[in-house]
Amino acid sequence: MKILVAGGAGYIGSHTCVTLLSAGHELVVVDNFANSEAGVLKKIEKISGVAPKFYKADVRDGGLLQKIFDEFKPEAVVHFAGLKVVGESRERPLRYYECNVGGSISLFNVMARNNVKTIVFSSTAAVYGNAKMLPVDETSPVDPLTPYGHGKAMIERMLADISAGDPSWRVAALRYFNPVGAHNSGLIGEHHGGTPSNLLPNIALVADGKLGELKVYGGDFQTPDGTGVRDYIHVVDLAEGHMAALNYLAKRHKGMVTINLGTGKGHSVLETVKVFERVSGKKIPYKIEARREGDIAESVASVSKAKELLGWQTKLGLEEMCRDLWRRQTLNSD
Ligand code: NAD
Ligand code: WQD
């Protein structure tokens, strides 16, 4: 299939490109490098043996998108393009709405104009906010806590309205839980413009001696050891989830479907630190600090819908996530 991958130079996008190219799909990557670098395209080629076509473009530039659609004639879109730092979205909400919501409107308009109606969209567990029932299933209320999460919920809403108005659209909104790890080649991984805000990248920096100690945000949550529990998912499993969603849309599905992508298993901060210490052989000093604003105690996905509809489930556990992140960290350490 000919697939346009918006934001394909980014963390999840680059891993998904590898999976899709390795399966024989033809890709065009569209990225403005807001949070990625041109070098990743060579790495994608090195791993998959195929170079994706590439355009440096902002998805908000409808004119340029139209040219890309004219030249490449995609049959489907995977839409990763957007900003993702939750804390920053509180400080700069307009930047987030403009890029994430504005960019999506621009992309969906060009798709509609060109009769390209199959899309896999990167949504997030953040749309659930502080869910009352765990594991969280897809019927759980959408009640985000941040501008980032509200933006993603708005995009889901738009896709629901678009596919209700024209049922020939085939839409999968994938709600990712906590993507971590890297490709086992160590060639691609997550790019951090500044200091990372997520747990695993900070653990890797401490293990590598780049950061003195890990700040553990909160030791008094209602969880077995008092630290936050999350459903971490290996980025390579996540990439395969996108291919499964595309196959599902192509073969069976019309209209919109919303699916959680996670492992269904939760791990606390301290448990994750222990696993990382074991795979890296490094000590990870940490200090329990105050809770971070807006953090919830626990987030774990119900994964039965993904299994049932997509025939997909994760294969890799926390051990592999830590091992592959550590390999990436050490190969890229200076
Ligand atoms: P990322 O920042 O690594 O990748 C996003 C890519 O989109 C980057 O290459 C960036 O340069 C590009 N981009 C941003 N704005 C653009 C624009 N206007 N036009 C063109 N390109 C643009 O992030 P990621 O971790 O790979 O996340 C991919 C998607 O998944 C995002 O939409 C994010 O919100 C969503 N998501 C991520 C996580 C996570 O924890 N990483 C969790 C849930 C959902
Ligand atoms: C995990 C746990 C922290 C850093 C975020 C977004 C979510 C999604 C994934 C985009 C929590 C604790 C963290 C640190 C710590 N992204 N922690 N010390 O907040 O669950 O999810 O990324 O869609 O929307 O909110 O992930 O990795 O930041 O935190 O103790 O230095 O680790 O308190 O319990 P989070 P995270």
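Values reported hereafter were calculated over all heavy atoms of this structure, with side chains retained and with hydrogens, waters and symmetry mates removed. Atoms within a ligand are numbered from 1 in the order they appear, just like the ligands themselves. Remember, predicted model here, so these are calculated numbers, not experimental data.
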In terms of residue, atom name and distance, what is the protein heavy atom nearest to [atom]?
| atom | answer |
| --- | --- |
| atom 18 (N) of ligand 2 | Lys215 O, 2.6 Å |
| atom 20 (O) of ligand 2 | Arg230 NE, 2.5 Å |
| atom 27 (O) of ligand 1 | Ile12 CD1, 3.7 Å |
| atom 17 (N) of ligand 2 | Tyr217 CD1, 3.7 Å |
| atom 26 (O) of ligand 2 | Asn178 ND2, 3.1 Å |
| atom 33 (O) of ligand 2 | Asp295 OD2, 2.6 Å |
| atom 19 (N) of ligand 1 | Val59 N, 3.0 Å |
| atom 13 (N) of ligand 1 | Asn32 OD1, 3.3 Å |
| atom 10 (C) of ligand 1 | Asp31 OD1, 3.4 Å |
| atom 18 (N) of ligand 1 | Asp58 OD1, 2.9 Å |
| atom 2 (O) of ligand 1 | Asn35 ND2, 2.7 Å |
| atom 12 (C) of ligand 2 | Val269 CG2, 3.7 Å |
| atom 4 (O) of ligand 1 | Gly10 CA, 3.4 Å |
| atom 40 (O) of ligand 1 | Pro179 CD, 3.3 Å |

Option nearest [atom] (shortest heavy-atom distance, choices [options]):
| atom | options | result |
| --- | --- | --- |
| atom 19 (O) of ligand 2 | Arg292, Lys152, Glu298 | Arg292 |
| atom 44 (C) of ligand 1 | Ser123, Gly149, Ser122 | Ser123 |
| atom 20 (C) of ligand 1 | Ala57, Gly7, Gly8, Ala6 | Ala57 |
| atom 41 (N) of ligand 1 | His15, Lys84, Arg60, Lys56 | Lys84 |
| atom 36 (N) of ligand 1 | Phe80, Tyr148, Tyr11 | Tyr148 |

| request: Check step by step if salt bridge (charged side-chain N to carboxylate O under 4.0 Å, His left out) holds for Glu320 and Lys315. | output: CA-CA 10 Å; Glu320 286 93 352; Lys315 299 182 192 122; over 6 Å; no
| query | ligand 2 versus Asn198, non-hydrogen atoms closer than 4.0 Å: side chain, backbone, both, neither? | reply |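 The answer is both.
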| Does an N or O anywhere in Lys152 fall below 3.5 Å from an N or O of ligand 1? |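 Between Lys152 and ligand 1, an N or O pair is found under 3.5 Å apart.
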| query | Taking NZ, NE, NH1 and NH2 as the nitrogens, is one of them in Asp161 or Arg157 under 4.0 Å from a carboxylate oxygen of the other? | reply |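 Looking at Arg157 together with Asp161, the answer is yes, because their closest N to O distance falls below 4.0 Å.
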| request: Using a strict 4.0 Å threshold on nitrogen-to-oxygen distance, state whether Lys67 and Asp70 make a salt bridge. | output: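 Result for this pair is no, no salt bridge flagged.
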| said: Are more than 12 heavy atoms, taken from residues, nucleotides or ligands other than Gln66, located less than 6.0 Å from that residue's CD atom? | reply: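 Yes, enclosed.
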| query | Can Lys56 be said to sit on top of Phe33's aromatic six-ring, NZ or CZ under 6.0 Å from centre and within 45° of the ring axis? | reply |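 Cation-pi check for Lys56 and Phe33: fails.
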| said: Can you give me the closest heavy-atom contact between Gly186 and Arg327, atom names plus distance? | reply: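 Smallest interatomic distance, heavy atoms only, reads N-CD, 4.5 Å.
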| Which atom names give the shortest non-hydrogen contact between Val127 and Ala153, and what distance separates them? |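 For Val127 and Ala153, the tightest heavy-atom pair comes out as CG1-N, 3.8 Å.
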Main chain of [Y], side chain of [X]: is a donor-acceptor contact present, judged purely on distance under 3.5 Å?
| X | Y | value |
| --- | --- | --- |
| Asp208 | Lys210 | no |
| Asn202 | Leu214 | no |
| Asp231 | Ala301 | yes |
| Trp312 | Asp237 | yes |

| said: Within this structure, what is the CG-CD1 distance for the pair Leu211 and Ile203, rounded to the nearest 0.5 Å? | reply: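 If we round to the nearest 0.5 Å, Leu211:CG and Ile203:CD1 are 11.0 Å apart.
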| Roughly how far, to the nearest 0.5 Å, is CG of Asp31 from CD of Glu37? |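 CG of Asp31 is found 11.0 Å from CD of Glu37.
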[X] heavy atoms, cut-off 4.0 Å: which ligand 2 atoms fall inside?
| X | result |
| --- | --- |
| Tyr148 | 10 (C), 23 (O), 24 (O) |
| Val216 | 30 (O) |
| Tyr232 | 1 (C), 2 (C) |
| Ala126 | 24 (O) |
| Ser197 | 4 (C), 28 (O) |
| Val86 | 6 (C), 24 (O), 25 (O) |

| field | Passing candidate, side chain to side chain contact (heavy atoms under 4.5 Å, CB included) with Lys117, options Ser168, Pro167, Ser163 | value |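 So the option named by the test is Ser168.
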| request: Report the residue from Val18, Val28, Leu27, Leu20 that forms a side chain to side chain contact (heavy atoms under 4.5 Å, CB included) with Pro52. | output: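 One option only clears the test, and that one is Leu27.
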| task | Would you confirm whether the ring centroid of His15 sits within less than 6.0 angstrom of the ring centroid of Phe80? | result |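 Centroid separation for Phe80 and His15: 6.0 Å or greater.
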| Part of Cys99 with heavy atoms under 4.0 Å of ligand 1, whether side chain, backbone, both or neither |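 The answer is the side chain.
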Which ligand 1 atoms are under 4.0 Å away from a heavy-atom of [X]?
| X | result |
| --- | --- |
| Ser36 | 8 (C), 9 (O), 11 (O) |
| Ala34 | 11 (O) |
| Phe33 | 11 (O) |
| Ala9 | 9 (O) |

| query | What do you reckon, does His191 put a non-hydrogen atom under 4.0 Å from ligand 1? | reply |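 No.
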| query | Has Gly103 got any heavy atom lying under 4.0 angstrom from an atom of ligand 1? | reply |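 The answer is no: ligand 1 sits nowhere under 4.0 Å from a heavy atom of Gly103.
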| Would you call the rings of His79 and Phe121 parallel, tilted or perpendicular if under 30° counts as parallel and over 60° as perpendicular? |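 Rings of His79 and Phe121: tilted, as their planes differ by 30° to 60°.
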| request: Could you label the plane-to-plane angle of the Phe177 and Tyr128 rings as parallel, tilted or perpendicular, counting under 30° as parallel and over 60° as perpendicular? | output: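 Tilted: the ring planes of Phe177 and Tyr128 meet at 30° to 60°.
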| task | Decide whether an N or O pair under 3.5 Å exists between Leu199 and ligand 2. | result |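 Yes; at least one N/O pair falls below 3.5 Å.
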| said: Let me check something: do Ile105 and Trp169 share a hydrophobic cluster, defined by ILVMFWY side-chain heavy atoms less than 4.5 Å apart, either directly or through other members? | reply: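 Linked, Ile105 and Trp169 end up in one cluster.
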| said: According to a hydrophobic-cluster definition based on side-chain heavy atoms being under 4.5 Å apart (Ile, Leu, Val, Met, Phe, Trp, Tyr only), do Leu21 and Leu41 belong together? | reply: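 Shared cluster, yes.
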